[in-house]
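Data first, discussion second: the structure below is written as structure tokens.
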Amino acid sequence: MRYLHTMIRVADPAATIRFLELMGLRETRRIDNAAGRFTLIFLAAPGDIDEAGHASAEVELTWNWPPEDGSAPESYTGGRNFGHLAYRVGNIYETCQRLMDAGVTINRPPRDGHMAFVKTPDGISIELLQEGGRLAPAEPWASMPNTGTW
């Protein structure tokens with residue numbers, strides 16, 4: 001047995017892809033299913049993609065197309081109801097700064113030099129974990145309060 005992917009439903013695939021690409025993920029494949037009226041978009045971290053371009057672990061974004069009759073599209077709330085996605089990063093401070101510079105709220109700053117949380121545009125929590133040992137506490141992170149839920 002091996003881990004394949006985590007699926008999350010998204011309301012705006014382009015916004016979620018921009019967010020995940022900002023984190024460093026790359027789209028690995030896409031499947032449009034006209035009969036089922038949905039699109040599956042797979043993304044992976046560079047460290048999970050082999051030389052042939054195959055990913056060992058992915059995030060699957062599921063976008064259910066708007067109804068043909070023009071009625072309201074599905075909406076998704078409570079993004080934490082399944083838990084969260086987690087990624088190990090080379091430098092948690094640099095990663096959080098890059099995200100913050102792009103307008104992403106750091107919901108749980110890396111005060112401990114080890115762990116932070118952010119959310120996708122659909123409210124899905126993502127945990128960022130420092131690779132190797134903890135980094136020494138540093139500002140502005142050490143004194144930054146939590147924002148919202150994570």
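Numbering starts at 1 and runs along the sequence shown. Because the structure is predicted, anything quoted here is derived from the model rather than measured.
- A perpendicular orientation is assigned to the rings of H84 and F117, their planes being inclined by more than 60° (bins at 30° and 60°).
- With a 4.5 Å cut-off on side-chain heavy atoms, R111 and N146 count as touching.
- Residue L85 is grouped with residue I106 when hydrophobic side chains (ILVMFWY) are merged at heavy-atom distances under 4.5 angstrom, including chains of intermediate members.
- Contact of the L61 side chain with the I8 side chain is registered, since non-hydrogen atoms from C-beta on lie closer than 4.5 Å.
- Donor-acceptor pairing under 3.5 Å is recorded for the side chains of S71 and D69.
- Residue-environment remark: CZ (R9) stays at or below the threshold of 12 foreign heavy atoms within 6.0 Å.
- K119 places a side-chain heavy atom less than 4.5 Å from the side chain of T149.
- V59 has its side chain out of reach of H5: every pair of non-hydrogen atoms, C-beta onward, lies at least 4.5 Å apart.
- In this structure, the side chains of I124 and T16 stay at 4.5 Å or more apart for every pair of heavy atoms.
- In this structure, the side chains of Q130 and Y93 stay at 4.5 Å or more apart for every pair of heavy atoms.
- A continuous path of ILVMFWY side-chain contacts below 4.5 Å connects I126 to L22, so both sit in one hydrophobic cluster.
- Here the options are T28, I41, D48, the test is side-chain contact (heavy atoms from CB on, under 4.5 Å), and the partner is E58; only T28 passes.
- In this structure, F19 and M23 have side chains that are in contact, with non-hydrogen atoms separated by less than 4.5 Å.
- Counting heavy atoms of neighbouring residues, nucleotides and ligands inside a 6.0 Å radius, atom CD of E139 exceeds 12 of them.
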